[in-house]
Amino acid sequence: MLIIKIALRNLSRHKKRTIFTAIVIAVAICFYVFADALILGMMDSSYENITEYEFGHIQLMSGEYWEDKDDLPLQNLISLEEETLARIAGRPEVTGYAPRLDFSAEMTDGRDSIPLIGRGIDLEQEASNFRIRDSIIEGSYIEEGEPEAVIGQSLAEDMELEVGDFFMLIVRTRGESFNVIDLTVAGIINTPNPYINDNVVFLPIDLARDALLVEDNQASHISLKLTDRELAADSSTEISELLTAGPASENYRAYSWEEGAEDLIVMQEYSDMVLILVLGVILLLAMAGIANTVILSVIERFKEIGMMKAMGMKIKEVTFLIGLEAAGIGILGGLLGVTLGAGAVYLLSTYGINIYAGMEGELDLPISMAVIYGSWKPGTFIFVFFYSVIISFISGLIPAYWGAKKNPVDILHE
Amino acid sequence: MPLLNLKQVTKIYQQGEIKVEALRGIDLGIEKGEFTTVFGPSGSGKTTMLNLIGALDKPTGGTVRINGDSIGQLNKNQLALLRRNHIGFIFQSYNLIPVLSAFENISFALRIARKNSKNEEKEKVFNLLKAVGLEGLENRKPAELSGGQKQRVAIARALIKEPKLVLADEPTANLDSDTSHEIMKIMLKMNKELNTTFIFSTHDPLVMDYATRLLELRDGRISKDKIKEPANN
């Protein structure tokens, strides 16, 4: 189309001006896609921490327990019939399950003591479905039938415990009496989840049940693993229906990991909003640059505009033609920006970045303290490219209209 | 019915507190195919009159009819359509689009008018380039053309949509006399072949020599209206 030809050729008439304005847009876009990839990588890593080391994809528990779960009560525990559990475990998206018994405890070695969370685990199912065993850096996993425990590296350092050392867990039983569990450190773990490393002791669930006077088959919750964490929301709804219809319908429900990680998800949404706001501010500055470029172009081409109007072009047609040039700057800046951004995201996703160096342990959130790797999201590139083109076009329209409205009589006879 | 009919046309410009009467009651009829020159001293109103005839502006009083339509009744978009379909312009500073070649400058006028298919357009443009003596130069940009060549492109651009009327404002002002003669001969030829009406605004006696009608304006009125034989027929 001739109009597009005119727009493109006019852009190349003033290369420096065009390129400079396009660079401003490109920098804004590059920053946005990089930051988006970084935040996405952080969130992905954090979600993985939650699903692989803490919550799982779905947790089955009673509604009353969910309400008080932060207090780690020993009431309203879950106990499913074999048939129901088999039906749930047999669902195509479910790859495994592991019952856990969580309780408050005080760890002591006779000299020092520290409050923490005890987690009774089914050794085999926990190892099959979660990554505690894979995270052992010293010693070994708990042996079946042995009074052993696995603790986090931070906890071990705080309590000056090594593999083979003895310690005790002082607990309050279901009957409100005190009890002690004697344990040996079998292994020390270091997971990407600081919450696990700092606060949790893993021990055999049978040992925990005996000490806490909890019945066999009872657990705080049963964690399920799925083939894909994206399935958790729908799957938990269906499993909840199954549980309420089943024989043991003691207000049991299935909760997806998203319900358990609400704070983190809100944080991500907030970060996304802030990022878009920052992008908006930067592009606003770019808009000023584009408007300036278009004004200069219009002033230099008053006679040309007057001639177009004399030839019969309407104001809106002239405005559109000039607006196209602004869009052209947006396209140039957009292409440059997504190319640079792709390069930056590639480096981030390949080599990662350690943004928490020196802050280990200071954030009480399940945010990965390891090196963060960026995550690709093609939608971001597409969105930001078209956003910059549209913003550029709009920012060119006002000066374009100003120029197009000029009286051709005044322009042509100057 | 004349192609152009001006009846008691006045045009008043407001410059701050002062009112300037550029035209003070013009009565004029111009037939199809005329080759007319409008001349007069600076401030006589000839540019204003041409702007009204060219539907670039509207009269303050009286009526201007182009092809029967009164331009006073038309809005800006309708005036633009009138110019698009029926009026061509030629200016002393050519006003070609610098980023387009000679071919593209001419076909741009046709695209705006949306009169032909692409193939028809190509043929028409090449024929007109040949008619104005620019065969072989179609791919040159205005910066690569001489003044005379640029004016030929402007003429072709004005004529490509087969307008009823062509308005030329000092078309030879930036040209030497030989080139001016060439340009005028081309326009005369087009006038005879296509029966297009030409109206010139000029101080150049050379242009007046080619005209068959002379209109002199003084102080916003027609002071002389003379039919004549062209000196360079």
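In what follows, chains carry the letters A, B, and so on, assigned in the order in which the sequence lines appear, proteins first and then strands, with residues in each chain numbered from 1. What you see is a predicted model, and the numbers here were worked out from it, not measured in a lab.
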Near [X] [atom1], under 6.0 Å, is it more than 12 heavy atoms from other residues, nucleotides or ligands?
X	atom1	value
Gln14(B)	CD	yes
Tyr346(A)	OH	no
Asn75(B)	CG	yes
Glu300(A)	CD	yes
Phe383(A)	CZ	yes
Asp219(B)	CG	no
Lys141(B)	NZ	yes

Mind checking the [atom1]-[atom2] spacing from [X] to [Y]? Nearest 0.5 Å is all I need.
X	Y	atom1	atom2	answer
Leu321(A)	Ile97(B)	CG	CD1	8.0 Å
Lys309(A)	Ile112(B)	NZ	CD1	12.5 Å
Ile160(B)	Met311(A)	CD1	CE	11.0 Å
Met313(A)	Phe108(B)	CE	CZ	4.5 Å

key: Residues Leu81(B), Lys314(A); criterion side-chain contact (heavy atoms from CB on, under 4.5 Å); working and verdict   = CA-CA 8 Å; Leu81(B) 284 172; Lys314(A) 297 177 192 172; 4.2 Å; yes
Leu56(B) versus Ala310(A), closest heavy-atom pair with distance =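 Reported closest heavy-atom pair: CD2-CA, 4.0 Å.
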query = What is the minimum heavy-atom distance between Asn95(B) and Met307(A), and which atoms define it?
reply =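 Nearest heavy atoms, Asn95(B) then Met307(A): O-CG, 3.3 Å.
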Given Arg9(A), Arg301(A), Glu304(A), the one that forms side chain to side chain contact (heavy atoms under 4.5 Å, CB included) with Pro98(B) =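 Filter result, single survivor: Glu304(A).
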task = State which residue, out of Arg111(B), Lys76(B), Arg84(B), fulfils the salt bridge (charged side-chain N to carboxylate O under 4.0 Å, His left out) condition with Glu317(A).
result =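 In the set Arg111(B), Lys76(B), Arg84(B), the residue that makes a salt bridge (charged side-chain N to carboxylate O under 4.0 Å, His left out) with Glu317(A) is Arg84(B).
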ask   = Given a strict heavy-atom distance threshold of 4.5 Å, which part of Lys316(A) is in contact with chain B: side chain, backbone, both, or neither?
value =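 Interface part for Lys316(A): neither.
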